[in-house]
Amino acid sequence: MKEQISELEKIAPDLLHREKKERVFKLPPLPYAEDGKVVTRFPPEPNGYLHIGHAKAAVIDHEYARMYNGKFILRFDDTNPENAAIEFYDAQREDLQWLGIEWDEEYNTSDHLKIHYQLAEQLIRQGDAYVCRCPPEEIRKKRFQRKECRCRNLSSGENIDMWNDMLSSGFSKGVILRLKGDLHSSNTAMHDPTLFRIIEKPHPIHGDRYHVWPTYDFAGAVEDSISGVTHPFRTKEYELRDECYFYILERLHLRKPHLMEFSRLSIKGMPVSKRRIKPLIEKGIVSGYDDIRLPTLRGLKRRGILPETIKQFVISQGISKVESTAPFSLVEAINRKILDPKTRRYFFVPNPVKIVVKNAPKKRIELKLHPTKDLGKRVVETGSTFYIPKDDVQRMKTGETFRLKELYNIRIEKISDDIITTQYVGEELLPDTAKIQWTTDDHICMSVFVSKPLFKNEKYDPDSLQRIDGYAEKAVADIYEGEIIQFERFGFVRIEKQNSKIVGFFAHK
RNA sequence: GCUCCCGUGGUGUAGUCCGGCCAAUCAUUCCGGCCUUUCGAGCCGAAGACUCGGGUUCAAAUCCCGACGGGAGCACCA
């Protein structure tokens, strides 16, 4: 075997060393896609802040449009006035901008209501939809039994009349327009789903101009088609509705897009859905939509996760239908690699312990803000008192020598509860000596908030947000609001200034 | 219960449509080493996977059937 290998080495060395492929963040090719003709859309309901699950959809939609030099549409699916609120249109736009997603066109589904009414009328005339006045329980029961109700067999003329009554407020709540589907289908989504229902609550944009609103099944299909979307994506839980989607378009003689589904994104210990996030905020378990423990774009941003990281992460997850739960460490690893070369380094001493250095030379030193890149310097003046982390102190013994990082070496003479006495023992850089970050008396008191997964074994972890108090070197005062820095030997931290106080949010190691 | 979808190392992912170049990709985590005035980065190395059972075929991660496991839907929410 050995001989064979060395022989191979001589004649065809290439065969022995497989070339490593670069990791590329790229989406697979899209079926039926033509350059310049791909149209995608991101259709959020303006009912909350965007989270990383939305980001997955938005990034994929956007990315494909760019990949094929096509068009990307932002569409607010605001056809339920009970849910939509004006603040969320703006918030969602802002979050997308932060993510670095630019859209070529924007509109609200609610702006197309007139068209939806016309199409609905067409369905009714064709006998493909009917007004149903049965109570919800009965509808459910009949659906289950696969039986039709009385309303189903009225003439299209009668249905048109009732539809007009619906539109002109002749009917109050409880009357709906249903698709005449297939009650015997094994796909329950085809059991005459609701197309339009009455909602009296004023709409955030249109006020009380309309009270008959299309459901997702109708609006989604129709909008994708008439707005020219070629490749609409949605998450897997809609899969059963595909048949309904295409059936509606077929009856309406509208173009059918290449509908595709992918799995929802889930992250270990994090609630990735509005359904799970909202109660946490309402109950005060988290501080708000930008709590650093949340996978909302605002929470991630606050914690120091970059938009580019989210993009790469989402693309690395792919568009398969496999359900999986990714650990957040995957996000951290990407973020760290982007951050590392461009992040300024500073000293922060968590849980500081005081040190006195005998014979300490007074110093005025310049410290680089990055070990290898030229990101500038800061100047520090030292005397004979310092502070170092308690964690390090606990590992020390009398007589040991260690180095105040970038400064000089000291030897421990005495360790007592609140103070450590040491002796200056020279400047030479010694191998195998601990190099510990420090601050002087001229420091800033600050807290760093550290987040752990909100949920531990599916249960809320009350210790998921920790506060670490400590001293930061004075130069930290000059860091701009929102800057992400690295506290050496501590981790990457995003800095915020809250009424003259400096606060840090721990991103990751 | 019924219907649909999914099942690749500890984790995430590529490959599955169109069987052979898969001796299965890349990453992450952990472990070992190098390097480093950070516990970060970088470099090298190690370990580790096609859910199971049948079938088709010269050849199966890939096609077919079945079992098992996981998820979703069965709304006047999206």
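Within every chain, numbering begins at 1; the chains are lettered A, B, ... in the order of the sequence lines, protein sequences first and strands thereafter.
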**Request:** Can you sort out the partners of A/Lys435 under salt bridge (charged side-chain N to carboxylate O under 4.0 Å, His left out), two or more places apart, ordered by chain and number?
**Result:** none
**Message:** Give me the distance, rounded to whole Å, that separates B/G10 from B/G20 when you measure between the C1' atoms they each carry.
**Reply:** 32 Å
**Asked** Could you give all pairs that pass the salt bridge (Lys or Arg N to Asp or Glu O under 4.0 Å) test and reach residues 364-374 of chain A, with sequence neighbours left out?
**Response** A/Arg364-A/Glu381, A/Glu366-A/Lys377
**Note, A/Phe218 side chain near A/Ile248 side chain (heavy atom, < 4.5 Å)** = yes
Between N or O atoms, less than 3.5 Å apart, protein on one side and nucleotides 71-78 of chain B on the other: list the pairs.
unit_1: B/C74; atom_1: O4'; unit_2: A/Thr188; atom_2: OG1; d: 3.2
unit_1: B/C76; atom_1: OP2; unit_2: A/Arg143; atom_2: NH1; d: 3.1
unit_1: B/C76; atom_1: N4; unit_2: A/Gly174; atom_2: O; d: 3.3
unit_1: B/C77; atom_1: OP1; unit_2: A/Arg197; atom_2: NE; d: 3.4
unit_1: B/C77; atom_1: OP2; unit_2: A/Arg197; atom_2: NE; d: 2.0
unit_1: B/C77; atom_1: OP2; unit_2: A/Arg197; atom_2: NH2; d: 2.7
unit_1: B/C77; atom_1: O5'; unit_2: A/Arg197; atom_2: NH2; d: 3.3
unit_1: B/C77; atom_1: O3'; unit_2: A/Asn80; atom_2: ND2; d: 3.4
unit_1: B/C77; atom_1: O3'; unit_2: A/Arg197; atom_2: NH2; d: 2.9
unit_1: B/C77; atom_1: O2'; unit_2: A/Asn83; atom_2: ND2; d: 3.2
unit_1: B/A78; atom_1: OP1; unit_2: A/Arg197; atom_2: NH1; d: 3.2
unit_1: B/A78; atom_1: OP1; unit_2: A/Arg197; atom_2: NH2; d: 2.3
unit_1: B/A78; atom_1: OP2; unit_2: A/Tyr216; atom_2: N; d: 3.1
unit_1: B/A78; atom_1: N3; unit_2: A/Tyr238; atom_2: OH; d: 2.9

**Request:** Answer with yes or no whether the side chains of A/Ser110 and A/Asp78 bring together a donor and an acceptor at under 3.5 Å.
**Result:** yes
**Pairs involving residues 212-223 of chain A, ordered by first then second residue, that meet salt bridge (Lys or Arg N to Asp or Glu O under 4.0 Å) (sequence neighbours left out)** = A/Asp217-A/Arg241
**Message:** Please encode protein proximity along nucleotides 33-42 of chain B as a string of B, S and -, counting only heavy-atom distances under 4.0 Å.
**Reply:** ----BBBBSS
**Request:** Go through the structure and list residues passing salt bridge (charged side-chain N to carboxylate O under 4.0 Å, His left out) with A/Lys363, not counting sequence neighbours.
**Result:** A/Glu427
**Request:** Could you measure between the two C1' atoms, the one in B/G40 and the one in B/C22, and give it in whole Å?
**Result:** 36 Å
**A/Ile334 CD1 - B/U13 P separation (whole Å)** = 13 Å
**Request:** Tell me, please, which residues at least two apart from A/Arg209 pass salt bridge (charged side-chain N to carboxylate O under 4.0 Å, His left out).
**Result:** none
**Request:** List in chain and number order the residues that pass salt bridge (charged side-chain N to carboxylate O under 4.0 Å, His left out) with A/Glu308, two or more places apart in sequence or in another chain; answer none if no residue qualifies.
**Result:** none
**Request:** Report the distance from atom CZ of A/Phe262 to atom P of B/G12, rounded to the nearest whole Å.
**Result:** 18 Å
**Asked** Base, sugar-phosphate alone, or nothing: which one does A/Thr325 contact when heavy atoms must sit under 4.0 Å apart?
**Response** sugar-phosphate
**Asked** Across the strands shown, which category fits A/Gln317 at heavy-atom distances under 4.0 angstrom: base, sugar-phosphate, nothing?
**Response** sugar-phosphate
**Complete:** Re B/C2: Watson-Crick or G-U wobble partner, both distances kept under 3.5 Å, found to be B/G73
**Asked** Just how far, in rounded Å, is P of B/G1 from CZ of A/Arg146?
**Response** 16 Å
**Fill in**
With sequence neighbours left out, the residues meeting side-chain hydrogen bond (donor to acceptor under 3.5 Å, both in side chains) with A/Glu488 are A/Lys405
**Asked** Quick one: A/Ile319 CD1 to B/U16 P, roughly how many Å, whole number?
**Response** 12 Å
